[in-house]
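Hydrogens, waters and symmetry mates play no part in the numbers below; they use all other heavy atoms, side chains included. Remember, it's 1-based here, ligands and their atoms both numbered in the order they're listed. Everything numeric here is computed off the predicted structure, so don't read it as measured data.
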Amino acid sequence: MTDLIEQAAQLRRLLHQYGHEYYVLDAPSVPDAEYDRIFRELQALEAAHPDLLTADSPTQRVGGAALPSFNSVIHRVPMLSLNNAFEDEEVEAFDRRVREGLGIAAATYDVGPKFDGLAMSLTYQDGVLVQAATRGDGATGEDVTRNVRTINAIPLRLHGENIPAVLEVRGEVLMFKKDFERLNDEQTAKGLKVFANPRNAAAGSLRQLDSRITASRRLAFFAYGIATCEGVTPPASQSAVMDWFATLGLPICKERDRVVGSDGLLGYYHRIGDKRPSLPYEIDGVVYKVDSFAQQEELGFVSRAPRWAIAHKFPAQEALTLVEAIDVQVGRTGAITPVARLQPVFVGGVTVTNATLHNEDEVRRKDVRIGDTVIVRRAGDVIPEVVGVVLERRPMIEQTGGDLFSAQQVPREPAYQLPKTCPVCGSHVVREEGEAIARCSGGLFCSAQRKEAIWHFAGRRAMDIDGLGGRYIDNLVELDYVHGVADLYRLTLDDFLEMKRRADERDGLTPETVQQGKVATKWAENLLEAIEASKKPPLARMLFALGIRHVGESTAKTLADWLGRLQWVRHAPAAVLRVLPDIGGTVADSIADFFAEPKNQQALDDLLSAGVEPQGERAPSAELREKLDVATLYAALNIPRLTPVRAKQLAGQFPTLAGLAQANETALVGLPTDVASAVLTWLGQPDRREQLQQLDQFQARLLDALPQASEATQGVFTGKTFVLTGTLPTLSRDEAKALIEAAGGKVSGSVSKKTDVVVAGEEAGSKLTKAQELGVPVWDEAQLQAALTT
Ligand code: IVH
């Protein structure tokens with residue numbers, strides 16, 4: 001029997017160690033399968049010899065049968081709360097009270113995140129977890145020991161030698177954001193209710209009477225304080241206790257720090273605030289604690305909160321408000337987005353009046369109706385969104401049933417339905433199968449889409465027309481000065497002034513100065529200048545500016561890098577686009593569809609004739625040659641069942657595209673029958689042969705335009721590596737990069753011995769220092785421009 005006891009203890013020791021490495025240190029030393037194997041071995045042993053089971057056995061983490069209710073637990077040391085601060089001044093006042101209370105010049109604080117979870121008290125007796133209790137009313141909580149044992153990050157037995165007889169640890173149970181999302185996905189898949197936030201999910205999971213449910217949820221824990229310690233003298237400060245906790249195997253958070261004075265506190269607040277979106281868990285502020293326990297004792301408590309600590313909270317990210325209306329917005333690509341118009345509410349540091357409802361399915365799922373009270377959330381810079389409806393507050397009306405005696409309460413408002421026609425232009429709203437987004441079918445006939453298209457075109461990362469904001473664009477479109485983007489380049493000073501006058505009249509806003517005959521013109525002159533200055537964009541930016549669906553900045557750059565000239569891009573068949581790296585079928589089709597539309601070609605011609613001229617055009621990349629071979633193009637035609645291998649066979653039989661365009665049944669003999677019939681069916685569809693002829697011609701012309709291998713990389717900067725740093729006086733970073741690359745140079749992100757030149761502008765930072773250290777030549781923009789023109 002003693003052998004068995006020792007064997008079980010050994011297995012438990014290993015599982016404790018591996019579990020700690022995995023869940024607390026995030027550094028597993030054995031594969032998961034090894035953990036599972038040992039786990040099952042221990043489970044079998046304990047099942048065969050129930051006497052061997054101990055309270056700290058990792059097998060207890062799986063949970064057990066449901067309890068009828070939780071027992072209550074009286075806390076040995078009450079679980080108090082913290083006073084809150086929201087403003088810097090309140091933090092400064094706190095620090096002042098601490099200094100004055102202690103009669104010292106500067107106070108040292110232990111600082112850490114304020115976790116948005118549930119307070120928990122863990123009791124370890126001789127190192128073994130014997131009790132876990134919720135906060136309750138602070139004096140009495142609930143015994144959730146069985147549930148807490150399922151939390152993998154919480155050690156069932158403390159590590160190390162110097163173990164207290166009794167240790168009561170305080171900390172927070174929470175759910176990581178990714179586990180929360182996973183849980184909600186699972187809940188949705190099972191048709192169960194989703195949780196509003198990780199805190200609710202953690203609370204719901206912890207308060208399960210059936211601990212097997214808790215075990216199936218991934219909860220986490222961070223220790224932040226000590227309530228009782230018997231048998232061992234604990235360290236003398238909060239920060240030292242946290243270090244000690246780590247050696248005991250208790251999870252503590254990495255973000256804590258030790259700072260001095262209110263400047264130190266506020267600095268930490270901003271550091272964590274910046275990091276907050278990227279933290280894997282939710283926090284709602286930071287907690288400042290006087291570090292020394294002796295000083296804490298001296299300061300003591302006021303009513304139910306310590307004088308030595310304070311919570312500095314972030315502005316609330318969630319608030320309740322009323323839905324006044326549900327409208328839809330029409331985006332650049334016609335996407336129809338339902339938007340809740342809200343009673344203004346202060347949340348996340350700003351007043352929110354609108355919140356996105358994403359799409360039709362989302363509104364249905366959340367069942368948001370006019371008049372509802374909703375939870376609005378604005379986290380960081382994210383667009384405010386409606387998290388859910390407070391159903392208890394939904395306005396209801398009485399409806400009498402068929403007979404006079406039955407009446408029932410029904411919602412006052414019907415469930416939301418997306419409009420069938422575009423509220424802006426009246427065109428049909430269509431929702432393609434499998435798509436979540438409904439779209440207005442009006443295209444550029446729809447003024448909303450036109451406005452969005454112009455807004456995108458003028459954007460900083462597109463044509464960069466400085467100062468052409470939403471209000472001007474609205475008026476330009478509404479008052480019919482601009483139909484297409486090219487019209488921007490034909491606007492005159494008079495147009496702008498007239499537009500302003502008409503808009504003011506329409507809005508009843510005619511300023512007094514105008515009534516007196518004075519007209520402000522500076523703004524219009526500035527706009528004209530900005531429009532003029534936007535006429536020479538790098539090709540990639542111009543392509544991005546066109547607003548082709550699915551073409552973001554990086555796709556636009558791929559097109560410019562590979563095809564070199566606008567002329568190639570605007571005529572490229574989908575098959576050619578599909579062979580370019582990172583351009584998939586959907587994107588290639590979307591580009592080809594865009595340019596197949598005569599209105600779009602016309603708009604592009606209009607731009608060019610208005611004087612817009614892409615910069616940095618050059619021959620297509622020499623590397624295109626291998627991508628333009630017939631087999632690759634065949635494979636890019638999307639012929640069903642024509643795998644790359646079969647496309648090669650087909651190329652063997654038909655070495656030119658034009659040849660395949662002429663093919664008949666007999667010519668296809670010799671190919672595997674299924675390939676032959678797939679090709680034949682494809683060729684039988686309308687326009688296919690024509691399409692092949694065109695592809696053949698395009699391929700020939702493009703191949704002709706490729707630089708010869710030797711000239712391919714020739715340029716003034718061939719073989720040279722550049723690094724850009726700081727702000728250049730006239731060129732944006734993208735523009736400088738495009739110019740260098742067009743001259744055959746490479747642009748790298750960091751300076752090394754291999755760097756040939758660092759181009760530095762204003763506020764150049766460490767890259768410049770590094771260049772100077774390494775003796776790498778440093779140019780300014782003028783030197784770069786000069787070198788380019790030699
Ligand atoms: S220390 C005397 N530290 O905030 C109370 N509390 O209002 C000492 N909380 O319910 C609490 N993160 O659950 C402390 N790093 C942290 C915390 C933290 C979250 C919670 C705690 C309590 C509430 C205090």
Side-chain angles (χ1 to χ4, degrees), residues 73 75-86 90-91 94 98 109-122 132-142 144 148 151 153-154 168-176 197-200 202-203 206-207 219-229 234 237-243 245-246 250-259 265 268-269 271-273 275-276 279-293 295-314 316-317:
V73 173
H75 297 300
R76 278 173 225 230
V77 178
M79 292 180 80
L80 302 181
S81 54
L82 293 170
N83 286 325
N84 291 328
F86 290 93
E90 295 172 90
V91 174
F94 162 73
V98 165
Y109 300 94
D110 170 272
V111 294
K114 183 169 194 301
F115 308 108
D116 201 5
L118 290 96
M120 182 60 52
S121 185
L122 304 178
T134 62
R135 178 171 184 277
D137 62 7
T140 312
E142 282 177 326
V144 287
V148 166
I151 302 177
I154 294 181
E168 202 174 324
V169 175
R170 298 282 160 86
E172 197 90 351
V173 169
L174 40 88
M175 189 179 280
F176 276 31
N197 52 47
R199 197 196 119 80
N200 288 4
L206 196 66
R207 297 199 70 263
L219 292 172
F221 176 81
F222 285 122
Y224 56 62
I226 187 168
T228 320
C229 180
S237 71
Q238 171 68 22
S239 51
V241 160
M242 298 299 276
D243 294 338
F245 276 176
L250 288 161
I252 57 169
C253 138
K254 287 200 293 282
E255 309 302 331
R256 71 205 174 83
D257 205 347
R258 222 166 143 240
V259 302
L265 297 176
Y268 177 75
Y269 177 80
R271 279 203 301 286
I272 291 292
K275 257 194 163 176
R276 183 183 188 192
L279 290 177
Y281 43 82
E282 299 266 11
I283 63 176
D284 57 352
V286 292
V287 180
Y288 309 140
K289 300 169 190 166
V290 169
D291 195 32
S292 145
F293 287 150
Q295 290 181 340
Q296 286 188 5
E297 212 157 309
E298 207 177 325
L299 287 162
F301 292 80
V302 240
S303 65
R304 298 175 49 75
R307 271 204 195 84
W308 43 264
I310 199 163
H312 189 181
K313 304 259 284 216
F314 297 128
Q317 291 190 307

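Using a 4.0 Å cut-off between a side-chain N of Lys or Arg and a carboxylate O of Asp or Glu, Asp284 and Arg199 do not qualify as a salt bridge. Electrostatic pairing of Glu255 and Arg271 does not count as a salt bridge here, judged by no charged N lying under 4.0 Å from a carboxylate O.
Side-chain contact between Lys114 and Tyr224 is absent, with no heavy atoms from C-beta onward closer than 4.5 Å.
Between Phe222 and Tyr281, a ring centre-to-centre spacing shorter than 6.0 Å is recorded.
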The test is side chain to side chain donor-acceptor pair (under 3.5 Å); show your working for Gln317 and Arg276 and say whether it passes. CA-CA 12 Å; Gln317 291 190 307; Arg276 183 183 188 192; 2.9 Å; yes
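The residues lining ligand 1, counting any heavy atom closer than 4.0 Å, are Leu80, Ser81, Leu82, Pro113, Lys114, Phe115, Ala119, Glu172, Tyr224, Val287, Lys289, Pro306.
The salt bridge (charged side-chain N to carboxylate O under 4.0 Å, His left out) search around Lys289 returns none, not counting sequence neighbours.
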